[in-house]
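What follows is a single structure, written as structure tokens, with notes after it.
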Amino acid sequence: MSKIDYVNELVKSEDKFSFELKGDECIDATELSLILQNTVEIVNNLVQGKEDTYVNLKVTKFSTGSFDIDFKAVCEQINNIITCPEAMATLIVSGVTGVFNIAKHLKGKKPKSIKDKNGFSEIENDEGDIYKVDGEIKNRFFKDAKIENSVINIVNIVDKNEREGFSIKGNNETVDYGKDDFSNVKPVVKNMLDENENRLVNKLEATLIIRKPDLVGKSKWGFIFDKNIEASIEDEEWLDKIHEEKSKFCMGMKLPVLLKIETILDDKQNVVGEPIYSVLKVTGEIIEENDNQIDMNI
């Protein structure tokens, strides 16, 4: 019997969504790059784990009047009996609007209930209001805190930029965020996961080498500890001072801190995933190793 070679066919799909920043038609380049970075991370996490799926998120144009970014999601997926490649890009666009809607709907509080039915999920918030969303989008949002963190990062960037709000439009759905929504968007998924996880928490005095500071928003900083790590900065007073003074950093600078290391354990006390690092407090002045200063505020 002759050997038959099967060729996997990649099917392409495309869909669009837009991100409108209300107010001034100009934006700081660093803040724009952080918005783009977090948007890409949302899309990547929406498709994470889907085999033979390739996504390219493109910026098609910037519009004036306020500040609008038009995105195109270009997806390629191998065609087989269990996938629907033609719908993948549409699912991603619905996912982007969906996760922003979920975060806004929750208002920083754990949902009262989540009911799954016929492929959809009904999320009841603390006030008793219900938001209905595709079940897969709900699963992605509550799987871990990655998507929620990216949404919060974008909200914080827009808020810090002192804009009135922003809108995301796609697939005949529009999500509007105003100033009142900014203060309501807080970590929910992380707190829910914390309640259901066994964590080993260790706090220690450490001196970290600064590898990648964030001089605009509140995303994680890159440090060198025993290896390259990323840590959230919980010392908001110190962080605000760094932002206000537009501090400059150079290679080899060190930061004395109180560091919290959280290790997640399963029911058999085995380590799950990577440790989570948080700088609880900056305990001293920045230690300079040399004078080769680099302006990171560009």
Side-chain angles (χ1 to χ4, degrees), residues 15-21 27-51 53-60 62 67 69-77 88-104 106 133-134 136-161 166-171 175 177 182 185-193 211-223 228-233 273-278:
D15 208 342
K16 298 178 180 180
F17 66 95
S18 63
F19 190 100
E20 177 188 348
L21 288 162
I27 186 172
D28 180 86
T30 303
E31 292 172 351
L32 173 61
S33 69
L34 290 171
I35 290 174
L36 296 176
Q37 175 186 329
N38 282 280
T39 303
V40 170
E41 289 177 358
I42 289 172
V43 171
N44 287 341
N45 281 289
L46 284 170
V47 300
Q48 188 177 41
K50 289 185 175 294
E51 296 183 359
T53 301
Y54 312 95
V55 180
N56 185 6
L57 188 63
K58 298 182 178 181
V59 175
T60 57
F62 295 103
F67 189 90
I69 312 168
D70 291 342
F71 292 94
K72 178 191 290 185
V74 182
C75 303
E76 291 184 308
Q77 188 176 38
M88 181 54 63
T90 299
L91 178 63
I92 289 173
V93 171
S94 297
V96 172
T97 56
V99 298
F100 276 92
N101 254 327
I102 293 173
K104 178 181 177 180
L106 293 176
V133 66
D134 185 285
E136 187 169 355
I137 295 170
K138 180 269 296 183
N139 290 340
R140 294 284 171 174
F141 185 85
F142 289 101
K143 176 185 176 183
D144 52 44
K146 292 180 180 178
I147 289 178
E148 182 186 57
N149 286 342
S150 294
V151 171
I152 292 173
N153 286 341
I154 290 174
V155 170
N156 287 338
I157 293 163
V158 177
D159 188 22
K160 190 174 181 65
N161 201 36
F166 65 90
S167 298
I168 299 176
K169 302 176 182 179
N171 291 340
V175 190
Y177 270 72
F182 295 162
V185 178
K186 301 174 183 176
V188 173
V189 177
K190 182 180 183 300
N191 295 336
M192 292 173 65
L193 294 173
R211 182 171 56 88
K212 186 182 69 173
D214 177 3
L215 304 182
V216 178
K218 296 184 179 180
S219 62
K220 292 183 178 182
W221 285 42
F223 295 104
N228 285 349
I229 67 169
E230 290 189 343
S232 58
I233 308 293
E274 293 293 323
I276 300 170
Y277 299 91
S278 305

Self-check item: With sequence neighbours excluded, residues passing salt bridge (charged side-chain N to carboxylate O under 4.0 Å, His left out) with Lys138
Solution: Asp116
Practice problem: Measure the CD1-CD distance between Ile154 and Gln37 for me, rounded to the nearest 0.5 Å. | Solution: 10.0 Å
Quiz prompt | Gap separating the CZ atom of Phe19 from the OG1 atom of Thr39, nearest 0.5 angstrom | solution = 6.0 Å
Quiz prompt | Side chain to side chain, Trp221 and Tyr277, heavy atoms closer than 4.5 Å | solution = no
Quiz item: Can you tell me how far the CZ atom of Phe141 sits from the CD1 atom of Ile42, to the nearest 0.5 Å?
Solution: 9.5 Å
Exercise. Provide the closest heavy-atom pair for Ala103 versus Val151 in the form atom of the first, atom of the second, distance.
Key: CB-CG1, 3.8 Å
Quiz item: Which pairs with one or both residues in residues 142-153 pass side-chain hydrogen bond (donor to acceptor under 3.5 Å, both in side chains), sequence neighbours excluded?
Solution: Asn38-Asn153, Glu41-Ser150
Practice problem: Can you see which heavy atom on Ala231 is nearest to which on Ser278, and at what distance? | Solution: CB-N, 4.3 Å
Quiz item: Taking the side chain as C-beta and beyond, is there a heavy-atom pair between Ile35 and Leu21 under 4.5 Å?
Solution: yes
Self-check item: Distance (rounded to the nearest 0.5 Å) between Asn156 CG and Ile152 CD1
Solution: 7.0 Å
Quiz item: Does Ile92 reach the side chain of Phe17, with side-chain heavy atoms less than 4.5 Å apart?
Solution: no
Quiz item: Hey, does Lys212 have a side-chain heavy atom less than 4.5 Å from the side chain of Glu230?
Solution: yes
Quiz item: For the residue pair Phe100 and Tyr177, what are the closest heavy atoms and their distance?
Solution: O-OH, 2.6 Å
Quiz item: Does some side-chain heavy atom of Leu46 sit less than 4.5 Å from a side-chain heavy atom of Val99?
Solution: yes
Quiz item: What is the minimum heavy-atom distance between Ser219 and Asp214, and which atoms define it?
Solution: OG-OD2, 2.6 Å
Self-check item: Atom pair CD1 (Ile157) and CZ (Phe182), whose distance is rounded to the nearest 0.5 Å
Solution: 11.5 Å
Quiz item: Should Ile168 and Val96 be marked as a side-chain contact (heavy atoms from CB on, under 4.5 Å) after you check the CA-CA gap, both sets of side-chain angles, and the distance that decides it?
Solution: CA-CA 8 Å; Ile168 299 176; Val96 172; 4.1 Å; yes
Self-check item: Minimum-distance pair of heavy atoms, taken over all atoms of Val47 and Arg140
Solution: C-NH1, 4.1 Å
